[in-house]
Structures are given as structure tokens and as C-alpha cells.
Q: 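Before I ask anything, let me first share the structure, which is written out below as C-alpha cells.
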Amino acid sequence: MGSVKDYFSSLGQGISSLLKGMQVTGKEFITPKITEKYPEDRNTVKVPERFRAILTLKYDEDGRHKCIACGMCERSCPNGTIHLTTKMVDTPDGKKKKKLDRYSYDLGSCTFCQLCVTNCPVPGKAIAFDNDFEQAVFTRDKLVKILNNRPEVPDPEPTPEELAKIAAEKEARIAAAKAAAAAKAKAAAEAKAIDAAEAKAEDSPANPDNK
């Protein structure tokens with residue numbers, strides 16, 4: 001008799017559990033869906049501005065990037081995602097300046113830690129993460145991006161006032177170098193004359209030490 005009672009008790013519990021489950025399932029049928037219909041809603045989908053999708057160089061309105069090729073981002077990257085190639089150029093004042101030649105970024109190995117952006121010493125940062133998440137490709141080699149892919153814009157030519165200032169500074173450096181060389185030569189001549197005088201005094205017959 002007990003086994004029959006247990007059977008119907010278990011059957012009732014099973015039916016109750018089934019009804020509870022069907023209740024949850026039925027509720028989902030009438031609940032408004034939140035699934036995004038991508039890519040149909042590509043034009044209306046809103047990606048958060050702080051979402052990190054791909055690293056980019058910052059360009060100004062003239063098409064010049066702000067990167068100074070210091071290499072801080074390359075050294076800060078924990079897994080070698082960034083590789084910089086630099087070059088040396090001559091400036092109007094006759095000095096050498098290091099400039100960026102190639103900025104290589106491997107999106108496939110990026111961890112989006114943002115250490116490169118955080119450690120960038122340029123005021124306002126020369127690099128930033130864009131929220132353009134549509135970066136899917138068919139081969140891994142296409143994930144390697146060259147960030148300075150725009151035509152290089154030459155630096156603006158110095159104004160006549162700047163050229164005059166550069167020439168004046170150059171002449172001042174030359175004059176200072178000549179003055180320093182002349183002072184050094186004069187000091188050497190005076191030292192030589194003093195040594196000669198001391199040697200002559202030592203060799204003089206009036207010197208009691210010369211016996």
C-alpha cells in the first residue's frame with residue numbers, strides 16, 4: 001500500500017515541477033526580446049564610447065599625427081603587439097630629429113589593456129582606442145595594421161622671423177665657441193709662459209740652489 005502512495009506522490013511532484021517549468025517557458029514567450037539583430041541593425045546599434053576595439057593614431061586637421069616615436073608604447077606592451085620603425089631627419093636649424101617611419105600594430109595579439117595609451121608621454125595622447133568593433137577578417141596576417149597609413153604631411157616651413165632667429169642662434173653658438181677656444185688658447189699660453197719663467201728662474205746663476 002505504501003508503494004502505491006509513494007508512486008502517486010512522486011507523480012504529483014513531477015507534474016507540479018513540469019507545470020512550474022512550463023510557466024517559466026510560457027512567460028518567456030510573451031516577454032519582449034532584447035536580442036540585437038546584427039548585422040541588420042548595424043546603422044542603429046550604439047557601441048559605448050569607452051569600448052576598446054582597435055588602437056589608432058590621433059591626427060590633427062592638417063593630417064599630421066602626434067606620435068613623437070619615443071617608443072614608450074612599444075616598451076609598455078606586455079606581449080609585443082606594437083613595433084615602431086623610426087628615421088632621422090634634418091631640421092631647419094641644422095639639428096637631427098627622430099620621426100616615426102612605420103607604426104605596426106597586431107590586433108590579433110592585443111589584450112586591450114590600454115597600457116600603451118596610459119604611458120604615452122605626449123600631451124593629449126598620440127594614440128587611442130577606437131570603438132569600431134567590426135574588425136573580423138579571414139586570415140591572421142590581415143590583423144596586422146599599419147597605423148600611420150596616411151600620406152606623410154611635411155612639417156610647415158619656418159617663417160622669415162624663425163629663420164632669422166635660427167641664424168642668430170647659430171652665429172651666437174659659433175661666436176661662443178670661438179671665444180671659448182680663444183680663452184683656452186690664452187690660458188694655455190699664459191701657463192706656458194709661467195712655466196718658462198719658473199724654469200728660467202731655476203736655471204739662473206743667482207739662484208742659490210744652482211751650485
Q: Taking the side chain as every heavy atom from C-beta outward, state whether I82 and Y103 have any pair of such atoms under 4.5 Å apart.
A: yes
Q: A side-chain contact here means heavy atoms from C-beta on lying under 4.5 Å apart; do Y105 and C116 qualify?
A: no
Q: Checking N148 side chain against D101 main chain: does a donor-acceptor pair fall under 3.5 Å?
A: yes
Q: With side chains defined as the heavy atoms from C-beta onward, is the minimum distance between V153 and Y59 less than 4.5 Å?
A: no
Q: Take the angle between the ring planes of F133 and Y38 and call it parallel below 30°, perpendicular above 60°, tilted in between.
A: tilted
Q: Please check if L55 and F112 belong to a single hydrophobic cluster, counting links between Ile, Leu, Val, Met, Phe, Trp and Tyr side chain heavy atoms closer than 4.5 Å.
A: yes
Q: If you look at every heavy atom in L115 and P78, which pair is closest and at what distance?
A: CD1-CD, 4.5 Å
Q: Does the side chain of C67 come within less than 4.5 Å of V122's, by heavy atoms?
A: no
Q: What I'd like to find out is whether the side chain of L147 reaches to under 4.5 Å of the side chain of T56, using heavy atoms alone.
A: no
Q: Quick one: does L57's side chain get under 4.5 Å of L100's, heavy atoms only?
A: yes
Q: Determine whether R102 and I146 make a side-chain contact, defined as any pair of heavy atoms from C-beta on separated by less than 4.5 Å.
A: yes
Q: Are any of the side-chain heavy atoms of K96 and D90 separated by less than 4.5 Å?
A: yes
Q: Applying salt bridge (charged side-chain N to carboxylate O under 4.0 Å, His left out), name anything that partners R64, two or more places apart in sequence or on another chain.
A: D62
